[in-house]
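Chain A is the first sequence line, chain B the second, and so forth, proteins listed ahead of strands; every chain is numbered from 1.
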2 protein chains.
Amino acid sequence: MPEENTSPLQIDSEQIQRAADILKTVAHPARLKIIDFLEPGEQPVAQICKCLNAAQPFISHHLSLMKAKGILSSRRNGNQVFYSVANRNVIEVIHCVRRHGRGNQTCTGTAVSVRE
Amino acid sequence: MPEENTSPLQIDSEQIQRAADILKTVAHPARLKIIDFLEPGEQPVAQICKCLNAAQPFISHHLSLMKAKGILSSRRNGNQVFYSVANRNVIEVIHCVRRHGRGNQTCTGTAVSVRE
DNA sequence: TGACAATATGCAATTATCTCAATATATAGA
DNA sequence: TCTATATATTGAGATAATTGCATATTGTCA
């Protein structure tokens with residue numbers, strides 16, 4: 001019988017699962033915007049709503065999704081709840097997105113390129 | 001009327017859209033595995049099927065999804081089709097996932113951390 | 001051309017995601 | 001306690017993603 005390369009992957013299946021889960025949560029326009037907005041520092045929900053120009057329940061929903069995945073954390077101060085980015089890997093992803101957006105991408109020019 | 005911070009985002013909306021689209025495509029266990037497998041160099045479809053231990057139509061479907069987004073590119077050589085990673089940003093993401101997986105993460109220890 | 005190997009496509013059923021609207025909860029201050 | 005403000009939760013309808021299976025396409029070789 002021929003010996004075969006059953007799993008020449010560099011990442012194990014469980015880690016892949018977790019990563020996919022985190023990335024799936026990040027991979028949404030509103031949620032990316034929230035992360036982008038929060039990256040410099042914590043903000044209360046109302047500010048996030050204003051920044052994204054979106055309804056409060058809509059924002060709250062996405063915030064709690066990300067909090068559940070450990071991407072964001074929150075702290076209450078009186079009436080308000082302040083959210084911040086809790087996962088540094090996600091910040092790496094946002095940085096990557098920013099680099100790409102600025103045309104500073106190391107990208108070789110694929111379908112994702114900005115030229116129209 | 002109060003002047004407001006309508007969009008203090010560092011990334012513009014269109015770029016966010018594109019990034020979300022790419023990330024959404026990447027954010028799937030099978031597709032992450034494929035990218036992980038292809039990152040060192042191109043591979044024919046049959047090898048990818050064997051590596052992921054998955055049915056060929058299943059793999060083919062995910063390959064064409066990623067190709068459509070410019071994440072992968074393909075070249076035919078006779079009977080076989082070789083796929084490779086075409087988008088360097090996606091490679092950055094895979095590197096980030098690997099760093100995270102190895103416990104080498106710059107992560108501060110959130111719900112995503114590996115310790116159990 | 002005919003048969004075989006490698007890959008791609010189409011269909012269908014299940015399941016998950018998105019988003020709005022209504023409403024609930026929590027805190028502060030009078 | 002009553003009211004107002006800030007945030008969270010729930011329900012529902014629409015849309016999209018997933019995946020197995022059957023089948024089509026493409027290329028090779030005899």
A.B. asks: Below the 4.0 Å mark, does C:dT19 have OP1 or OP2 next to a side-chain nitrogen or oxygen of A:His28?
C.D. replies: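 Affirmative; the distance criterion is met.
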
A.B. asks: Could you tell me whether the side chain of B:Gln17 reaches within less than 4.5 Å of the side chain of B:Asp21, counting heavy atoms only?
C.D. replies: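 No, their side chains stay 4.5 Å or more apart.
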
A.B. asks: Do the side chains of A:Glu92 and A:Arg88 get close enough for a salt bridge, i.e. N-O under 4.0 angstrom?
C.D. replies: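 Looking at A:Arg88 together with A:Glu92, the answer is no, because their closest N to O distance does not fall below 4.0 Å.
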
A.B. asks: Measure across B:Gly70 and B:Ala86 and return the closest heavy-atom pair with its distance rounded to 0.1 Å.
C.D. replies: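 That closest heavy-atom pairing would be O-CB, 3.7 Å.
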
A.B. asks: Rounded to the nearest angstrom, tell me the gap between atom NZ in B:Lys24 and atom P in C:dA16.
C.D. replies: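 So the NZ-P distance, B:Lys24 to C:dA16, works out to 17 Å.
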
A.B. asks: Mark up nucleotides 25-30 of chain C, 5' to 3', with B wherever a protein heavy atom is under 4.0 angstrom from a base atom, S wherever such an atom reaches only the sugar-phosphate, and - elsewhere.
C.D. replies: --BS--

A.B. asks: Measure the distance from NZ on A:Lys69 to C1' on C:dT17 and round it to the nearest whole Å.
C.D. replies: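 Rounded to the whole Å, the gap is 12 Å.
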
A.B. asks: For B:Ile48 and C:dA8, give me the distance from atom CD1 to atom C1', rounded to whole Å.
C.D. replies: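 In whole Å, C:dA8 C1' lies 14 Å from B:Ile48 CD1.
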
A.B. asks: Rounded to whole Å, please give me the gap between NE2 in A:His61 and C1' in C:dA16.
C.D. replies: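 Distance check: A:His61 NE2 to C:dA16 C1' gives 11 Å.
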
A.B. asks: Do the side chains of A:Phe37 and A:Gln43 get nearer than 4.5 Å, heavy atoms only?
C.D. replies: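 Yes, close enough: below the 4.5 Å cut-off.
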
A.B. asks: Base, sugar-phosphate, or nothing: which does B:Gln80 touch, judged by heavy atoms less than 4.0 Å apart?
C.D. replies: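 Sugar-phosphate only.
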
A.B. asks: B:Met66 CE to C:dT7 C1': how many Å, rounded?
C.D. replies: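 Spelled out: CE on B:Met66 to C1' on C:dT7 is 15 Å.
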
A.B. asks: Are B:Asn89 and A:Cys96 side-chain neighbours, meaning at least one heavy-atom pair lies under 4.5 Å?
C.D. replies: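 In contact.
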
A.B. asks: Mind calculating the distance between CG (A:Leu32) and P (C:dC18) to the nearest angstrom?
C.D. replies: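 The distance from CG of A:Leu32 to P of C:dC18 comes to 12 Å, rounded to the nearest Å.
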
A.B. asks: Classify the nucleic acid contact of A:Pro44 as base, sugar-phosphate or nothing, counting any heavy atom under 4.0 Å across all strands shown.
C.D. replies: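 Sugar-phosphate: the residue A:Pro44, judged by heavy atoms under 4.0 Å, touches backbone atoms but no base.
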
A.B. asks: How close or far is atom C1' of C:dA8 from atom CZ of B:Phe82, stated in whole angstroms?
C.D. replies: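 Those two atoms, CZ and C1', are 17 Å apart.
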
A.B. asks: Would you mind classifying the nucleic acid contact of A:Tyr83 as base, sugar-phosphate or nothing, using non-hydrogen atoms under 4.0 angstrom?
C.D. replies: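 Sugar-phosphate, backbone atoms only, no base.
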
A.B. asks: Do B:His28 and B:Met66 touch side chain to side chain, with heavy atoms closer than 4.5 Å?
C.D. replies: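 In short, these two side chains do not touch, never coming nearer than 4.5 Å.
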
A.B. asks: In whole Å, what is the span from the CG atom of A:Asp21 to the C1' atom of C:dT17?
C.D. replies: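 The answer, rounded to whole Å, is 13 Å.
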
A.B. asks: Hey, are B:Lys67 and B:Ser74 close enough side-chain-wise for a donor-acceptor pair under 3.5 Å?
C.D. replies: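 Yes, B:Lys67 and B:Ser74 have a side-chain donor paired with an acceptor closer than 3.5 Å.
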
A.B. asks: Measure across B:Ile35 and B:Ile94 and return the closest heavy-atom pair with its distance rounded to 0.1 Å.
C.D. replies: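 Where B:Ile35 meets B:Ile94 most closely, the heavy atoms are CG2-CG1, 3.2 Å.
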
A.B. asks: Which is the 5'-most and which the 3'-most nucleotide of DNA chain D that has an atom under 4.0 Å from a heavy atom of chain A?
C.D. replies: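 Here the contact window of chain A covers D:dT5 to D:dT9.
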
A.B. asks: Side chains of B:Asp12 and B:Gln15: any donor to acceptor distance under 3.5 Å?
C.D. replies: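 Looking only at side-chain atoms, B:Asp12 and B:Gln15 do form a donor-acceptor pair, the distance falling under 3.5 Å.
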
